[in-house]
Number of protein chains: 4
Amino acid sequence: MPKLAENTEVISRKPGRPRSEKARKAVIQSTLELLMSSGFNDLNIESVAARAGVGKATVYRWWPNKAELVIAAFISVVEEQLRFSSSGPFEKAIHDQMKNWVPVYRSPLGQVITTVIGAGQSEPEIMEAFRKYWVEPRRHEARESLRLAIKEGRIHSGLDPDTIIDLFYGPLYLRLLITNAPLTPAYVDLVFHTVIRGLRP
Amino acid sequence: MPKLAENTEVISRKPGRPRSEKARKAVIQSTLELLMSSGFNDLNIESVAARAGVGKATVYRWWPNKAELVIAAFISVVEEQLRFSSSGPFEKAIHDQMKNWVPVYRSPLGQVITTVIGAGQSEPEIMEAFRKYWVEPRRHEARESLRLAIKEGRIHSGLDPDTIIDLFYGPLYLRLLITNAPLTPAYVDLVFHTVIRGLRP
Amino acid sequence: MPKLAENTEVISRKPGRPRSEKARKAVIQSTLELLMSSGFNDLNIESVAARAGVGKATVYRWWPNKAELVIAAFISVVEEQLRFSSSGPFEKAIHDQMKNWVPVYRSPLGQVITTVIGAGQSEPEIMEAFRKYWVEPRRHEARESLRLAIKEGRIHSGLDPDTIIDLFYGPLYLRLLITNAPLTPAYVDLVFHTVIRGLRP
Amino acid sequence: MPKLAENTEVISRKPGRPRSEKARKAVIQSTLELLMSSGFNDLNIESVAARAGVGKATVYRWWPNKAELVIAAFISVVEEQLRFSSSGPFEKAIHDQMKNWVPVYRSPLGQVITTVIGAGQSEPEIMEAFRKYWVEPRRHEARESLRLAIKEGRIHSGLDPDTIIDLFYGPLYLRLLITNAPLTPAYVDLVFHTVIRGLRP
DNA sequence: CAATAATCGAGACGGTACGTCACGTCTTCTT
DNA sequence: AAGAAGACGTGACGTACCGTCTCGATTATTG
């Protein structure tokens, strides 16, 4: 994260040729493209480099292994992704967030996400990155508004925010990852309303 | 499909030396062992063969690729797994099934299952086998008792059995695959009771 | 060599199914065919067996390795080959033999012979068989008539029969094996007459 | 053929890491060693690479098959071999060359040569290389001095230089490749003098 | 005529080497 | 110092044959 350095007036730069931003972007881009077309296993760094028009060593200089490269690619695409933000009662906030879910997972990003989750089953650091850069930022908001609702007694006792979020999102991930059942807005609504009913005090 | 042969009194065996059952078992066994210790990517057929004391060609003769081999290993271990069966009202049947979930996923089989689901994200046929041999047989029972409950009007209208099953199991799979949160009996109970409340008419 | 047994009145045969002459011939035949089309290295016993419509074990039962098989095939084809025989002065005998050489080495047998000589460079037993079944029988005659000529003083002193035969045949083998120069009757005559001149006392 | 590059002042090198001369030499050396100890058939590229301390892929990168590798090894060893050169009348030149023959074929190189000739019976390109790099350079001289002698009428009419060379060397190759008779200086002399007599006008 | 025994075709077995591919590292010249 | 290019040693890939084995079926001799 070279953000700090950029903020300072006098940039104390390392000697030698600076890193090529063009190369970095090309690598990330070709990684994403191959990730969408081939899956994690078939993704090989030789192809990434070739497609990016970059030397293999350049890839290895900046990303020590395939997992890190995939994580970086994932993060870069996630950062472009708008974070949905909503106000109002927790029911509305969560419902809005859930409705936003469907188009995201149907987009090319959806393919990257399932690939990342799949790879994450064998590579803990990938899973960790997924949680950190994708799951947590999205859980954060929901968790806050749920905490408030619990304090106000508007939710059945004994439930903690994370379990509640699991109840809302679990069925969605289930369809995404295991069942090949379609992820429709109607389905999302059905899940939402049933869980809401179960949460009532 | 050797149906013709089965119809005849004398089973006409194929000519040539018959397949070695010993070799088959050894391969499946070593696949499972390596699957538990290494994950899908690191599983290589050369090691499987070596550990099984079997020629590499013997592996390839019967399983055309790694995916098929893993599927076969998965099925073999699943077939040994008792299917839980319960009677009584649907609430009890599902609750019993869910409580049975925890020890299974904590056992070595659990490791195999997450690996299979992970690999299945890139290899559709693995996912299909997982659904066919693991998910479906377990859903079947629950679906039946839910269908009955719906007909009797004991469940909130508009819900179909599969969505209900998603509601019960989604949160569990979420913890298993993504969150590293512990899968405790208490958590299972919490999920169960909340969903049950949501299902009431 | 079951000749002795065949000569006796009562054939004391071993119990069990006797060797299939049909299979033997098919193997030898397919060996020869493959030998002509592929050379020694590319000849593999699996193809021999397949082409002969014979089990692999049947081949191995009777010929312990490729070399023996090739030798057997070579001998079988050689035995069908008429041995040329001539009388009269040694000059005529050898000249006739040499003239007979050209068509033999141009026939399919020629291809087998160069292959056998080639293989014999690495496999001594093949070379030995070649010498025993091909070279020696042909040298024998020539050697006898040369021995007589030497005794009669019709050949320059100091020369032994085998060296003389080398002088006649060496150039022919040289063209056959190394130079790709054509093996014509004219060339054979030239060699013959020059050596004859060199042999005069 | 980098003729263009050679014409320019600055030799424009190909991009990328240059070929390792060390690896090349090690491969050739280990090929020769194995060739002397095992023959062509038993020579396998895996062993060549292992003995040379080189990756198998490095061997295949530069020599597409065993034949090319053997040819390269043969050429390299031949290039180190001094070319014998003599002056004076053709009789002396050829006699000297022939006397030089015996120690060469008794040396380790002799083993390589018979192996190459043997392999060359099945692999035309090996034979071609043998002719080009071994036979022809040695024939060249002899051919020139014979051509002169023929023009001067010192050789019996009707003989061309190559046939004459065949007469001298044919018997030697015959003993080398087929007969296991010893290749002695006395034998060489006998052949030489007899052929010389046959050549007289 | 049954029992015994060696052969047959077929093809699976544990192996070894093949030639290819991608790995992650390196060595060159260029920027 | 970083870039592209590409060779390096390594090791797994999936294939092809090796020579051995285990089947059921066949064909002879022996009791």
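As the structure is a computational prediction, the values presented were derived from the model and not from experiment.
An OP1 or OP2 oxygen of dG14(E) is reached within less than 4.0 angstrom by a side-chain nitrogen or oxygen of Thr58(B). Taking only side-chain nitrogens and oxygens, Arg61(B) comes nearer than 4.0 Å to OP1 or OP2 of dC13(E). In this model, the phosphate group of dA1(F) is not approached by any side-chain N or O of Trp62(A) to a distance below 4.0 Å at OP1 or OP2.
At distances below 3.5 Å, not a single donor-acceptor pair connects side-chain atoms of Ser38(D) with backbone N or O atoms of Leu35(D). In this structure, Ser30(B) contributes its side chain and Val48(B) its backbone to a donor-acceptor pair below 3.5 Å.
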Full working for side chain to side chain contact (heavy atoms under 4.5 Å, CB included) between Trp63(A) and Thr31(A): CA-CA 12 Å; Trp63(A) 301 277; Thr31(A) 301; over 6 Å; no
Verdict with supporting geometry, Phe74(A) and Ile113(A), side chain to side chain contact (heavy atoms under 4.5 Å, CB included): CA-CA 8 Å; Phe74(A) 171 69; Ile113(A) 288 176; 3.7 Å; yes
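One atom, CG of Asp42(C), and another, P of dC18(F), lie 11 Å apart when rounded to the nearest Å. Residue Glu21(A) contributes atom CD, which lies 15 Å from atom P of dA2(F) at whole-angstrom precision. In this structure, Asn41(C) places its CG atom 13 Å from P of dC17(F), rounding to the nearest Å. Nucleotide dA5(F) holds its C1' atom 17 Å from the CZ atom of Arg19(D), rounded to whole Å. Lys22(B) places its NZ atom 17 Å from the C1' atom of dC23(F), with the value rounded to the nearest Å. Rounded to whole Å, atom P of dG14(E) lies 14 Å from atom CZ of Arg24(B). Separating the CG atom of Leu69(C) from the P atom of dC17(F) is a distance of 16 Å, rounded to the nearest angstrom.
Separation of atoms OG1 (Thr114(A)) and CE (Met127(B)) is listed at 11.5 Å; rounding is to 0.5 Å. Distance CG/Leu34(D) to CD1/Ile45(D): 11.0 Å, rounded to 0.5 Å.
Under the 6.0 Å distance and 45° angle rule, Arg19(B) counts as a cation-pi partner of Trp62(B).
Scanning all heavy atoms of the two residues, the minimum distance from Thr58(B) to Val54(B) falls at CB-CG1, 3.7 Å.
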Taking only N/O atoms, report every protein-nucleotides 28-31 of chain E pair under 3.5 Å with atom names and distance.
unit_1  : atom_1 : unit_2   : atom_2 : d
dT31(E) : O2     : Arg17(A) : NH1    : 3.1

Using nucleotides 12-15 of chain F, report all nitrogen or oxygen pairs with the protein that are shorter than 3.5 Å.
unit_1  : atom_1 : unit_2   : atom_2 : d
dC13(F) : OP1    : Ile45(B) : N      : 2.8
dC13(F) : OP2    : Ile45(B) : N      : 3.4
dC13(F) : OP2    : Glu46(B) : N      : 2.9
dG14(F) : OP2    : Tyr60(B) : OH     : 2.2
dG14(F) : O5'    : Tyr60(B) : OH     : 3.3
dG14(F) : N7     : Lys56(B) : NZ     : 3.0
dG14(F) : O6     : Lys56(B) : NZ     : 2.7

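Remark: Lys66(A) pairs with no residue by the salt bridge (charged side-chain N to carboxylate O under 4.0 Å, His left out) rule, at least two apart or across chains.
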